[in-house]
Number of protein chains: 2
Amino acid sequence: METEISTEQKILDAAEEVFIEEGFSGARMQQIADKAGINKAMLHYYFRSKDKLFELVFAYKMKQFMPRVESVLQNPALSLLDKLDAFVEAYLDMLRHNPRLPMFILSTMNRNPELMKSANIQFGKWIIQLIEEEIEKGTIKRVNPHQFMLTLIGMCIFPFVGRPVFSAVFELKKEAYELILTERKEHVQAYIRFILEP
Amino acid sequence: METEISTEQKILDAAEEVFIEEGFSGARMQQIADKAGINKAMLHYYFRSKDKLFELVFAYKMKQFMPRVESVLQNPALSLLDKLDAFVEAYLDMLRHNPRLPMFILSTMNRNPELMKSANIQFGKWIIQLIEEEIEKGTIKRVNPHQFMLTLIGMCIFPFVGRPVFSAVFELKKEAYELILTERKEHVQAYIRFILEP
DNA sequence: GTCTATACGGTGATAGAC
DNA sequence: GTCTATCACCGTATAGAC
């Protein structure tokens with residue numbers, strides 16, 4: 001019943017794990033090779049260099065990191081509040097399945113801001129525009145759209161990147177923190193309504 | 001008028017810069033030596049190894065990162081809202097002077113959670129207790145203290161760790177983002193009152 | 001495509017003169 | 001304390017047999 005996985009894919013999977021765990025400069029080609037169950041020389045045969053391999057992995061993870069919300073945002077049947085709810089729902093679910101993804105993206109981008117070109121970015125302008133329109137229509141309260149989005153996205157991401165610090169400062173064991181993550185969705189959605197509902 | 005700075009201090013200053021910029025595994029002893037204007041051998045003369053040097057720098061930066069709020073929190077003349085306001089005021093000011101500090105601490109802690117022992121952590125319990133007391137007294141609205149603190153701290157830190165991603169997604173130039181950071185303090189304080197005031 | 005062997009530069013760390 | 005020279009090792013990358 002084992003699905004046959006190509007060597008190339010085995011390498012990519014292993015590289016993803018190691019780069020996310022160790023970062024670019026902390027990752028070792030040997031470690032990636034071991035995890036993929038192949039020889040170190042094969043890495044270069046398939047991907048030429050560590051840099052090339054990293055670029056591929058990063059672009060792939062970046063695509064995963066950026067919320068795919070075109071269909072939701074453009075669905076005229078949904079109110080802005082419903083759209084934001086759907087966004088939070090989907091995004092927090094994704095992050096719970098990829099808890100180390102945000103730190104990988106954020107720390108890589110901090111040392112290498114130009115890597116952003118590999119991502120699709122129209123998402124931001126749409127949301128700001130939507131918020132401003134609804135404010136004009138008077139269907140939501142007047143807020144600073146950028147401050148609001150900075151808080152909203154931070155509410156989703158920070159629990160994952162700040163986990164070690166936060167759970168140490170507040171002395172939260174694994175189970176207690178998991179509970180917080182579970183309840184986070186409702187909390188963020190309540191925040192949205194509390195801030196935006198007239 | 002030049003103040004005389006000891007070699008030891010010059011090394012620490014240089015190491016701080018390089019470690020924050022590059023992380024532990026990305027940092028090079030040669031680069032630290034160059035920046036300190038001394039020879040590579042001197043690093044080992046003063047600090048034995050890269051690990052030792054990093055530990056010292058990390059412990060120092062961690063102390064800086066952890067809010068020092070004992071005096072404010074325990075001041076009986078201040079209401080909880082005033083205490084939180086003072087915290088946000090001081091903490092955001094500190095972060096604006098050390099914008100790369102949060103990413104350094106968070107990413108290091110993610111790969112090395114046990115490093116937390118070097119920090120003083122009573123802060124967390126006090127705040128949670130304060131919040132619960134005020135809820136009992138009915139002076140603030142009923143909230144989940146951990147969710148609230150997670151949001152509050154995230155509101156302060158995320159603008160710095162998420163800056164490259166956020167400013168790319170929302171196409172914010174340097175000046176626009178600086179403005180957001182400037183206005184962040186008021187925004188966070190307004191959030192506190194909005195959530196907690198009965 | 002996959003392996004072994006190896007080149008080659010860089011990196012942390014030390015020895016020893018001054 | 002400060003320097004130069006050097007070591008031992010590790011890391012990426014390549015050559016070449018099969």
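All values below come from the heavy atoms of this structure, side chains included, with hydrogens, waters and symmetry mates left out. We name chains A, B, ... by the order of the sequence lines, and we start the count at 1 in each one. All values reported here derive from a predicted model rather than from experimental measurement.
Under 4.0 angstrom from either OP1 or OP2 of C:dT2 there lies at least one side-chain N or O belonging to A:Thr7.
Every side-chain contact (heavy atoms from CB on, under 4.5 Å) that B:Thr139 has, sequence neighbours left out, goes to B:Glu134, B:Lys137. Applying the side-chain contact (heavy atoms from CB on, under 4.5 Å) criterion to A:Gln9, with sequence neighbours excluded, gives A:Ile5, A:Ser6, A:Leu12, A:Asp13.
Looking at A:Asn98 and A:Ile20, their side chains never come closer than 4.5 Å, going by heavy atoms from C-beta outward.
What separates OH of A:Tyr46 from C1' of D:dA13 is a distance of 18 Å, to the nearest Å. Rounded to an integer number of Å, the gap from CE of A:Met42 to C1' of D:dA13 is 15 Å. For A:Asp34 and D:dG11, the CG to P distance is 11 Å, given to the nearest whole Å. Between A:Leu43 atom CG and C:dT4 atom P the separation is 14 Å, expressed in whole Å. Rounded to whole Å, the distance from CD1 on A:Ile11 to C1' on C:dT2 is 11 Å.
Proximity of the aromatic rings of B:Phe65 and B:Phe104 is defined here by a centroid distance below 6.0 angstrom, and this criterion is not met. Between A:Phe54 and A:Phe19, the distance from one ring center to the other falls under 6.0 angstrom.
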Study note, to complete from the structure: B/S/- along nucleotides 10-17 of chain C (protein heavy atoms under 4.0 Å) is -SBBB---

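Among residue pairs with one or both ends in residues 35-58 of chain B, those qualifying as side-chain hydrogen bond (donor to acceptor under 3.5 Å, both in side chains) are B:Glu17-B:Lys35; sequence neighbours excluded.
Hydrophobic cluster membership of B:Leu78, counting Ile, Leu, Val, Met, Phe, Trp and Tyr whose side-chain heavy atoms lie under 4.5 Å apart directly or via other members: B:Val72.
Between A:Arg100 and A:Glu16 there is no salt bridge, since no side-chain N of the basic residue sits under 4.0 Å from a carboxylate O of the acidic one.
Every stem involving DNA chain C, taken as at least 3 paired positions in a row under the Watson-Crick or G-U wobble test at 3.5 Å, is listed here: C:1-18 with D:1-18.
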